[in-house]
Structures are given as C-alpha cells and as structure tokens.
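Values reported hereafter were calculated over all heavy atoms of this structure, with side chains retained and with hydrogens, waters and symmetry mates removed. Nothing here was measured: the structure is a model prediction, and the numbers come from that model.
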Amino acid sequence: MPKRGDLRKIMVIGSGPIVIGQAAEFDYAGTQACRALKEEGMEVVLVNSNPATIMTDTHIADRVYVEPLLPEYLEEIIAKERPDGLLATLGGQVGLNLAVKLAERGTLERYNVELLGTPLEAIKKAEDRELFKKAMQEINQPIPESDIVETVEGARVFARKVGYPLIVRPAYTLGGTGGGIVNSEEELDDVVERGLTHSMISQVLIERSVAGWKEVEYEVIRDAADNCIVVCNMENIDPVGVHTGDSIVVAPSQTLTDHEYQMLRSASLKIIRKLGVEGGCNVQYALDTKSTDYIVIEVNPRVSRSSALASKATGYPIAKVATKIAIGYRLDEIQNAVTGKTKACFEPALDYVVIKFPRWPFDKFIGADRELGTQMKATGEVMAIDRTFESALLKAVRSLEIKAHRLQLPAIAALTDELVYARLSRTDDERLFVVAEALRRGVDPAEISRITTIDPFFIDKIRRIVAMEQRVVNEPMTPQLMRAAKRCGLADRTIAELTLTPEAEIRSRRKRWNIIPCYKMVDTCAAEFAAITPYYYSTYAQEDEVQITDRRKVLVLGSGPIRIGQGIEFDYCSVHSVWALREMGVESIIINNNPETVSTDFDTSDRLYFEPLTIEDVMNVIEKEMPEGVIVQFGGQTAINLAAPLSRAGVKIMGTSLESIDTAEDREKFDAFLENLYIPRPKGASVTDAGAAIAAANRIGYPVVVRPSYVLGGRAMEIVYNEGDLRYYLTHAVQASPDRPVLVDRYMQGTEVEVDAVSDGNDVLIPGIMEHIERAGVHSGDSIAVYPPITLSDEIKNTIVDYTVRMARALSVKGIINVQYVVSDGKLYVIEVNPRSSRTVPFLSKVTKVPMINLATRAAMGQSLASLGYTTGLLDPVGYTAVKAPVFSFAKITQVDIALGPEMKSTGEVIGIDYHFERALYKAITASGIQIPDDGAILFTIADKDKQEAMATARGYSELGYRIVATEGTAKFFASAGIKVESVQKVSEGSPHILDLIRSGIIRMVVSTLTTGKLPEADGFKIRRSTVEHAIPCLTSLDTAKAVLDVLTVTRRRRLIYSMALQDFAGTAPHGRETK
Amino acid sequence: MSDFVAGKLVLADGTTFDGLLLNGLEGSGEVVFNTGMTGYQEVLTDPSYAGQIVTMTYPLIGNYGVNPKFDQARKSFVRGFIAAQLCENPSNWCEEGNIIHYLEQREIPCLSEIDTRAVTRKIRSYGAMEGRIVRAERNIAQVVAEIATHIIGTDLVAEVTTPEIYRIPFAGKAPHVIVMDFGIKRNILRSLSLYGCDLTVVPASTDAKTILALNPDGIFLSNGPGDPKVVTYAIETIKQLLGKKPMFGICLGHQLLALALGGDTYKLKFGHRGVNHPVKDFSRDRVYITSQNHGYVIDEKTVPLMDVTVTHRAVNDGTIEGMRHNQLPIFSVQYHPEAAPGPDDNVYLFEQFTALMKGGC
Ligand SMILES: Nc1ncnc2c1ncn2[C@@H]1O[C@H](COP(=O)(O)OP(=O)(O)O)[C@@H](O)[C@H]1O
Ligand SMILES: Nc1ncnc2c1ncn2[C@@H]1O[C@H](COP(=O)(O)OP(=O)(O)O)[C@@H](O)[C@H]1O
Ligand SMILES: [Mg+2]
Ligand SMILES: [Mg+2]
C-alpha cells in the first residue's frame, strides 16, 4: 500500500530533556522523522521541551512547540492544531508513555487523532509485563519465570517459590530505573520498594536471573503488510546482568553460529508479528552459553538507543523507514537512501566490525557507586568502526576522551597483581581495562573469562592487543611490525609510549614507510552494490575508496560522547556549522564518533568520517582531504583542545586564533588580559602548596572558591567558608603541587549572568543576556536561566555589553564567544570566558531567532557581520520570556549528593516560553520533572548560614497553606519568627523520623541547603537522597525555593496551561543596535 | 602446524591483491563473493560453489569454529577461499575445531589478511572473473597467461553428484520423492524429510525410465554448480519427466527446468550470493528475505515459451526468482528455502511441494 492520502498534518512527540537512559538518539530519530514527513509534503507539528535539539528548529517542523511533555499540554496543543495523526514511537519511552496517556484520557478520540505506526494494543502488549508474558506464551517464546507484584510481601512470596538470584524490574520505566539483581531478602525488600515508587503503574516484575548468559539484541522492522526484516543484530560483550546501555556492544554478533543467529532472527520476526508492531522494534535476548536455550528479555516497540546505534552501524536509516511505514508505505516501496537503487526491504550486510563503548559520568561523580548492573548509568556512548575487532575496540577507547589511548589506565597499572586479580570480579566501568592489565600480568585468559563471564572470544581479542603491545616493546620496529601494529589498532601515541620515542617521530617514520590508513564506505550492503553516501571509516588495508573533490572545503570537529558538561547542545552547534558551510557552497566535512547524534547522520554533512577525535585520527583525515581549514569552535572542549596540536601541525584554525583561545583559557594570560582592559574579575591567586593557599585565602577573604587549575567542567570545585574547611579540601580533595596548581578565588555572592556573542573581530553582536535564578556558586549549567534578564539595571546591562564587546574585540574573536559574569554589590565581575560555543547557544538562538551558529560560522570564514545585516550591540529583548531549567538523572546514580554547587551535575535541560515570566518559569520547572505539590507538608532542613534567609520563604509557603515541617534547629528558628512549624526527629533520634515521613508520603517537597564544608553531614545527605528514591522534589538552593514560591503565588491566580508554537511568538525582528 | 606465506590473488585482467597464503597451497577458479556474516562452513561445503574461489565479505571468519553438523556435503568443492581474517581461537559451546585446521585438513587453498572489500568492489564492477590465489613470488604475467588457457572442468555437476542411488526413508506413510542430485545441500534433504517426504536420491545422470521405475509421487530437482546448459543429459531427463509427476526445483534445478521447458538462461554480471536477498512472492504479495547462491538466471524473454507464470522476483534487480507451470503441477525457485546458511522465511515452499503431491493446490 502506498502513502495514505488522508494524512495531512502530523504531530511528532520528542523525548524531552537528556537524561541517563534517553540521550541524543531521539533528536536524531525525531529529526529524521520530521524530515521524512516533510519529504512527503505533510505538515509537521513537533512537541519537545528540550531546546538543545535540531528537531526543535523551526525549519525542521512547521509548528514547533517547546512545551512541557505532559498530557495537559499535549491535549491543549492537539486542540489547537487538530493533527490527523500522532507519531509517538520516535520520542523514546517518554513519547510512548505520553501516547498511552493521551489515548487513555480520551484525547486522541475526542479530537479524532489517529495513532500512527505501532498501534496502542501492540505498545501495551510489549510494555505491560502481564500482557507481554501472555503474548510470548502464545507463540511459545521462552521467558524467565516471573511474577508481577505490587507489594514487597508479594515479592517475598515469589522469592520463596523460585529462590535467588532474582531480578526486579519496574514496569514502564526507562534505563531500568529502580531495578536490580538481588540475592537476599533484605536486598529484595528495598529494591522492590524503590521499583514500586518509580513505576508509573506501581508494579514491578520480579523474575529468575539469567545473569551471565550472552546478551543479544535484534533490531527489527515490520510494515502494515506484514513484511519484516532484521536490520542488525548486536552482541553485548558484557553478558546479561549489565544493562545494554552500560554494555560494550559489538555489531554484528561475533560468537553466534549461523544456526543461533537465525534462530533468534526467526524469533524476532515471530515476536514483532505477534505484537503487531508497525515500524521499528528492538528485541533483547539472553542466550545460554552452553546450549541453544534462550529467553526473551524485553521488547521495545519503538525506535530506541539501540536502533540509533544500529542505524549508524549499518547505514540503514531506521527512524526514517519507520516513519514512512507509519504513513502507509511498505518496505518494498521505500528506497534504500544509501544505495539509491535498492529498496529498504532487505537486511544490511556489514563488512566491518562496529563497537559501541559507553561513556560514564564517574569522572564528575566521584564517590558514586560505579558498580554496573541492570540500571543504566552511562550518559553517552561512542562508536568505532574498523575491519578488525582489535582496532575497532581501540578506536572506541580513544574516542571516549578519558585520557586513555589504549586499554590501560595509570591507576590500574599501578595495582599489585593480587589487586588486579581481585578487581576482575568487580563489574564496573573499568572492567575491560582490568582485563587487559590482568593479561599483561600473565593471568590465564580462560581464568579471566571464568571470573568475568565475558566470552573467551573477546578475552582472546584483548589478548591479541596486549600481545601486539609486547611485540612493539620487544622487537625492533620494522615496516612489517608497524603495519601489523596499525592493523591491530595501536595509536601512534601508544607505539611512541611503548618504544619511548616521540609520537611525531613514529608518525613520520610510519608515513615514510607509506603506512597510512585508507578509508572505506559504510554502504549497508558489503560493497555488493555501488553506494552514494559519503560515510567513511579508516582502516589499514589495500584500497582507499574516497574520491577527493577539488571544491573549497572545511572540516568541522564534532564533540564526541555526551557527558555531563558537554551535551547535545554542542552537536546542535556542529550541525548548524555544517549547514552554514553548505549554504556558502563550501564542502563540509565532519569528524565525530557519537552514534546518537544528528551530526553523524549520513546526510547531514557532505562527508562524514566516523573517527576518534584525537590528533592522529584527525590529522589522517586532514592529510587525506586537505581542507582549507578546521573549525574548532563548535565541538565543545573536545574540539577546542585540538586547536593547539592542529595548528602546531600547520593546520589553519578558522576564526578565532589559537593565541586568543589560549589567552582566554590560560589563567595567568587571562588575568593580564583583563588587567589591560580594566575589566574586573574576582580577586584570586594560583597556588602550589597548602601554605600558600591558606595565605592567599586570608589575603582574599573567605568564602573562597577553590579548584585545581588543570581540570575544567567545575570538577573538584568547592566553595570554602573558613580555614578549617580549606585545610580539609587541600588534604582530601586535591593536593596542590607545582605542576598542578590550585586556584583560589574570592567567592562573589551575587547574581550570575551569562552572555553569548557573535563577533567578526570588529562588530560584536549580543543576541541576548541570560540571568540566573540561583546565585553564583551554583554551576551555570545547573541553574535556572532567564532571558531576558529580570533584575539587572540598565547600567549593569550596558556594562555587560561594554565588557563583552571589548573582550571580543581584544581577542579579535571571529566566531562565537561565551562569557559568564557575576553581579556582586552592584558591580560586574568576569567569571570566565569561553572562546567557543556554549551550552546556552541553542536556547538563545531559538528564543531570539538569531541564527547564531550560522553567523559565527560565516564570521569564522571571514564574512563581516555588517555584510550579513548585523551590527555591534545588544539586540532589543523579544516580547516574551524564556526560562531554561536543568534536568538531573540522580535516580540512576546512587550515592551522589544532589545538592547544587559549583560542580555541574545536570544531564539535560528544558525551557519554558511564555509572555508571562511566572508562567514561563512554571512551564520550565514542571517540564524539568519537578512536581510541585498543591498542598501537604514541605520539609525544611537549613544550614545555619542560610536560616535567616530561609525564613521569608518558609513563611511564604506557610501562607499558601502548606504545612511547614523542619528539623529541630530550623524549626526553633522559624517558630521564633512566628512561623507555624512542626518539628521532626533526626534519623539519629529514632522513628518516626524524617525518612519515615518521606517514605510514608507525608512530606511532599523538601528544601535542604548544604551545611558548609564536606564535614560528613549524614542526615542532610540521606534526606536529599531519599527524595530521589521517592521521586519528590528537593530544592537545594534558596533561590530556587523562592522562585517556586513566586510561581505558586502567581499561578494560583492565572491559567496555567497555555501553549504556543515558536513560530507564533511575536518577537522584535532581530537586528543589531549600537549601544551608547 | 599451519604456516602462512606471502601470497596474492591474481585476476584474469592482471589485478592483484596481497595476502597470506595458507601453507602455500595455490588454487584457481571463478572468483565470487558471499555477503553472509555467518555460515562460512555451510558456504564452504555447498556444492554449488564447485569450481569457484569464494570471497567472504565479512572480515572475521571462523569466530565460532566449525562442527561436522554444519557440513552441507560429503566434502568441500570450492577451489579456494578468501577471508580478511581467520580466527585462531574460536568460541562457541558447539565448536569442535577451528577454521584454519578445517581448511588445512581438506587442503582448501586459502588467502587471508587480504582486502576482501577491494576484491568485492572489483568483481562488482567488472563481473565475476577467473582468478588464482598464488604465492607472492609468482610472476603475474605468467599467472594471467595460465588463467587464460585454464578451463574449469565444464561438467561440475558430474563432480559433485552422488556416485550411487541411496535412500532416506521416512518413518510412516509418506510421499515418495526422487531427488535428482546435481550437488544437493544436506539441509535440503533434511528439510524434505522434515516436511514428511520419503526420499530416494539419484545421481544426476539417472535417466527418466529408471526414475519412473522407482514410482515416485514427486520429483525434486536440486541445486548445483555451474552453467545449467552444460548439463544436457539432465535437461533431457527432466523433459521426459515433465507432467508425469509433481516437480519442485531449487536453484540449478530451477534453471534446468526452465531449459527443459524450452526457456533460456544467461549469466549475471556477478551472481546473487548471500543471505539477505529480498524476493517478492506475488501469490502472497509479500517480500521474503532469502538465502541465495547463483550466477545464472532465467531469461525474461523466454517466459512465454515455457507456459509458466513468474511467481517470485528479486526486489533489487527484478530478475526471476520463482515460477509455476500454468498446466502441470510444477514449480521452482531460484533461491534456497532450506537456509543453512540464512533465514528460514521460506520453508513454506516445502509444504507447498508436499501439498502438491497430495494432489492439493
Ligand atoms: N532475567 C534476567 N536476569 C538477569 N539479568 C537480566 C534479566 N532481565 C534483564 N536483565 C538485565 O537487565 C538489563 C535491563 O533490563 P531491560 O528489560 O532491558 O530494562 P530496560 O527497559 O531498562 O532496557 C538488561 O539489559 C539485562 O542485562
Ligand atoms: N569567583 C566566583 N564567585 C562566585 N561563584 C563562582 C566564582 N567562580 C566560579 N563560580 C561559580 O562556579 C561555576 C563554575 O565556574 P566556571 O569558572 O564557570 O567553571 P566551568 O568551566 O565549569 O564553567 C560558575 O557557574 C559560578 O556559578
Ligand atoms: Mg533493555
Ligand atoms: Mg562556566
């Protein structure tokens, strides 16, 4: 059946903010979907609360609603737009759950909106464990003994029947929130309890554990005519027990016989047919290692993280095809966009190996529980392609940007043999590095495989890598050995390290021997048909397939894996830069290694190289393509860090010069730079030992902000209020040393302000200023930002413009620049300058309607802002307010304090836009997942330094009719001020204590500020954590608490649900204006 | 113990690809490629590859080892094997040896550590061609000359068919099927018995009289190697059997049937070899993923001469993948419904055959 004629307007639901378990893959999928629909001449209505996405660009969808992903809002939008159909299977679990809700509350029926693609029954059959169980039994597909329980007691009963180990998994959650494998009744009790709170329908599935079996995934597609194909299968190197999102995955499967491969393939087709999925679907299996027994772990009746991976691994555009199926096409009617000749109804054949390696946030969350299990913890992932497993794996390791260029970490290399051996039995993020180290120490591979339950095949591959390292160490370097080492994937840097030779020399020798990589195409068909997509990977082999053009071309560096502090927004920037280049008729080449992103979609750039972002891998591409230059401004810190080595290698950096970048990033140079411009920054010093630090602190005056100079992203950064705390920090957190100085800055209490500007070196355009709700001290990425500013005086604004313009000119910025300021006692100070695009660029571009990256790219390419119709200065604020709120993933990362501070902790963001500030704020807050209670009790537990300030807020809440509950100290203080307050017992004082009240649901919200210093402050920590486990809001900054109070006060009077498309917000036409 | 020496693949046009030659053992044949990512052992032992050097496009070969139960024939008939990387230490619970020893024991010439994608691209654009895998030091011009003069045995079927008649009885009442063995894969026999057929397998050269004397309920024409037109005797036999009994042909059997019906066949530029080929079944209006291995196809223009209806077509190039006779109980497909290697989407065809013999459809 061809495309349906009755569909004209279609609503697409995005997946909302980036959280662990749901990252950029859905921007990629959603964007592809919107494109596919427009291709068919349909009008697309998009809803997504996440501004840092390509899909929310007004040219991707005809009507873009950046509104909270909540049924009320969707209903409102549906009522307004009256779409014919709803496409919900590309917005991850969020989109799927919303669709279910909309159907259940009758919205779809009321406005007769048809749910396109996979029908509701199919979704329910796959998602509801009971129905799923039944369906599988009907087609006798094996699933583990299991039971659905709604109480802890119910779980116990089942456990007594089946015995341990068991696995507990909540229904309707993503990333396995609240799940886990349990070996005893105690474990059972609290995992089940956690699961019940997190499950949308407060049900958990409890089943026999098959941990240790092979975990295998199949990506399947089915059309309405019942044609089915398998796009790709993947094998987890970490066996069942580690969440697929946290597993190192290889595609295609490596250790399955044809018989096993086909057995699970056939099962997948049976399942997708039984469920009646129309579109993409992901089936996960556990396969016994000693027989052909298997069980079906789960089915995701939608496009998923794995399907994004499968798409990039095979070149097959799953989201696009699923979309076309949803609007009526059959698989054999859809073109294979890659070959341009064959049809989408075939099964891709790979002639290379693909490895996915997760990126975990433990570098930020020191002290977090690193153990990997059934609950996903990774924030992002990298993918690598090559024609040997060894090389693909090593490319993946290089792509992670964890300072490892091979399977070796200094900390692990330093362990004794005993400790290395012991570490083997720990399943954490460093396991593969431990395996490699164990092999270096001569542990028997079979033994390693037995302990880790990792298949001997994979252990042997790592053994081969280690063996190659040893050859490089022991044998004289010959062309033969060099070639062998490169085919095995050893980086020049690794060979250099192993042979105690400078990397540059290894490289030049290698090139002298003419051992250079060639590039091969990802074409879905193992070269059986000629392909037209310029999607390449490097390998050391005989034939290179790339045809170099003689067009003017520029290389754009991507931003690698998504991690805390460097998220999807940088991919947004890379993509827009590529588009700008194409607009200018310049050939755009992109290098990136993140399979989740739009930038690695095969038709985003003119050429895509799927490679690690290291100097060697990038230079290889450059020497192949010979681009005019490289743009490093948009790939976050990843790309910026490559600027120096690249220009040292004689590569032209487009836009802002390396010197300027260095000036902004080097502490000493930056201080001098500001001196010259008479621009103030907080008093500070760089010290190399504890004594000097304390002296400096006394000179500067407490409180001070301390951090090691050698890491960015606010890592190990703290606000210290007195000498005792400073000593503690210097002994427990970071040691200062001559080669690793510590920065001590005066802590400026005040309003934090952030600005992004585009400059051509002469004119400096400032689209807007963002003011933070939380005072400086809360990382800019974690604070609520408001555009346009609400409290800043004109004088301050003018000063901001003046400083920003002067700094941009002095640095002769060609492109984009980001500045963070703090306003303290009416005076403006510079906190930092980033000579690159920032987290706030997508947000600001969207609300001000200024195509910032497009302009910045043109500026970097030498065009003047004037020629583009812009001049120096701050643009008039648009007529509405936009609020950006951070989103956290604390539920996934246990043992981390959720209190906000100068270290960034959020994984994503949302915005609220409205003509009324309070409503915009309300939208942002609700969109961020905070469920503000309408009534009930609010617990206050406040640090002494904040008690005075907290009072007004507490009173406010009390006046709105909330019950105020507080810990003893706080309670006394409030009572003395005449606030009606109930005091509760500390945990130490025994039940019924605070935690009991939280558990029992009496307390609906918590306001808790951090007592100064890191002196173990058990209760506060426990309280904050328990709010996470029980999914109630916890505000750790008084500013946030106050903002929420204001919202509540106002929203009690005003209509809450009101939504509008970006296209409809009437803003002032963006154009520059000279500020005097 | 196996040792690898420097070697290369030389194609008829003089193109060469470097690699490592297993035990220096050389071989020559028509160079073809297979895009399956699993099933290397089934490919090696599929008699249809007789006379050919098979290039596996998937670079890691031998990962899960080998096991006699995967063999598709009494021996391997390939003239050579080309793989990017052979796995020394395979891993799978049913692994009973590694691919390298497997190739050695059977003295199958093998070139590894070679850019198989380059080879594939070459064949894709210039068509399947004669080639040799030889030691590195061999003089190219000379090898090319040898290729020019060398002729692969023409009647490959004679080489691979069963030397004598044998039975695969079915426990209980079942239609008696005569299987004409042109180089049959074990899994076809397995599938036929599985779907309730009592089998008598006869050599390709068996004449019609002998076959009818065995009073079959149906006749099965198997797959096999090479150009159907050289197997004249089989074509003759099939002619005489037409209409006498229900008939089902696969691959070469399908081509021989066409020739017997007065149709014609021609050689594809580079055949269909892999496990991911979409085929449309018009009777069911559905597309199935099929396992294929053929270099020849039925000539479109000769369909009218055969009084048949085309029932299946390849989705990618539209070539004929299946047909059914308009009067007689005869049908055939160009691909391999028995899988091994490959998907089992198409076993329904065996049901059709048994139904046909029961006088059904
Ligand atoms: N019965 C089981 N025994 C052991 N581990 C399991 C079992 N079922 C699932 N797992 C592990 O838990 C992980 C998450 O389970 P899954 O059902 O995929 O949840 P999610 O919806 O988060 O993907 C799986 O990837 C697998 O490794
Ligand atoms: N001197 C200071 N006074 C007050 N707050 C500060 C000061 N320096 C940094 N901060 C806070 O710490 C956060 C992170 O510091 P920043 O220099 O921006 O590091 P990053 O490189 O992680 O962005 C800022 O957003 C700000 O809230
Ligand atoms: Mg899963
Ligand atoms: Mg900052």
>> Would you compute the distance between atom CD1 of A:I221 and atom SG of A:C228 and round it to the nearest 0.5 angstrom?
In response: 10.0 Å
>> Ring centres under 6.0 Å, that's the criterion: do B:F33 and B:F270 meet it?
In response: yes
>> Any side-chain to backbone donor/acceptor pair from A:T539 onto A:A541? Under 3.5 Å, distance only.
In response: no
> By a 4.5 Å heavy-atom criterion (distance strictly below it), what part of A:L256 contacts chain B: side chain, backbone, both, or neither?
Replying inline: backbone
> Could B:D115 and A:K520 be called an ion pair, given the rule that one side-chain N must be under 4.0 Å from one carboxylate O?
Replying inline: yes
>> For A:D226, which atoms come within 4.5 Å of any heavy atom of chain B: side chain, backbone, both, or neither?
In response: both
>> Quick check on A:T292 against chain B: is it the side chain, the backbone, both or neither that has a heavy atom closer than 4.5 Å?
In response: both
> Checking heavy atoms, do the side chain of A:R387, its backbone, both or neither come under 4.5 Å from chain B?
Replying inline: both
> Checking B:K280 side chain against B:G318 main chain: does a donor-acceptor pair fall under 3.5 Å?
Replying inline: no
> In terms of heavy-atom pairs under 4.5 Å, which option from A:T388, A:T342, A:D351 contacts chain B the most?
Replying inline: A:D351
>> I'd like to know which of A:K343, A:Q254, A:M263, A:H259 tops the heavy-atom pair count under 4.5 Å against chain B.
In response: A:Q254
> So, B:R117 and A:D523, do they make that salt bridge, N to O below 4.0 Å?
Replying inline: yes
>> Heavy-atom cut-off 4.5 Å, strictly under: side chain, backbone, both or neither for A:N233 against chain B?
In response: neither
>> Does any backbone or side-chain atom of A:K214 lie under 4.5 Å from a heavy atom of chain B? Answer side chain, backbone, both or neither.
In response: side chain
> Where on B:R124 is there a heavy atom nearer than 4.5 Å to chain A: the side chain, the backbone, both, or neither?
Replying inline: side chain
>> If the test is side chain to side chain contact (heavy atoms under 4.5 Å, CB included), which one of B:Y102, B:F70, B:Y40 qualifies with B:T45?
In response: B:Y102
> With respect to chain A, which residue among B:L60, B:D18, B:V315, B:T120 yields the maximal number of heavy-atom pairs within a distance under 4.5 Å?
Replying inline: B:L60
>> Please identify, among B:P343, B:A84, B:A339, the residue contributing the most non-hydrogen atom pairs under 4.5 Å to chain A.
In response: B:P343
>> Taking the six-membered ring for Trp, are B:Y288 and B:Y348 closer than 6.0 Å centroid to centroid?
In response: yes
> Between A:T255 and chain B, which part of the residue has a heavy atom less than 4.5 Å away: side chain, backbone, both or neither?
Replying inline: both
> Closest heavy-atom contact between A:S391 and A:D386?
Replying inline: OG-OD2, 2.6 Å
> Given a strict heavy-atom distance threshold of 4.5 Å, which part of A:Y352 is in contact with chain B: side chain, backbone, both, or neither?
Replying inline: backbone
> Given that the side chain runs from C-beta out, which part of B:T290 has a heavy atom under 4.5 Å from chain A: side chain, backbone, both or neither?
Replying inline: neither
> Using non-hydrogen atoms only, which part of A:Q262 is less than 4.5 Å away from chain B: side chain, backbone, both, or neither?
Replying inline: side chain
> Side chain, backbone, both or neither: which part of B:S125 has an atom under 4.5 Å from a heavy atom of chain A?
Replying inline: neither
>> Under 4.0 Å between a side-chain nitrogen and a carboxylate oxygen: does that hold for A:R464 and B:E88?
In response: yes
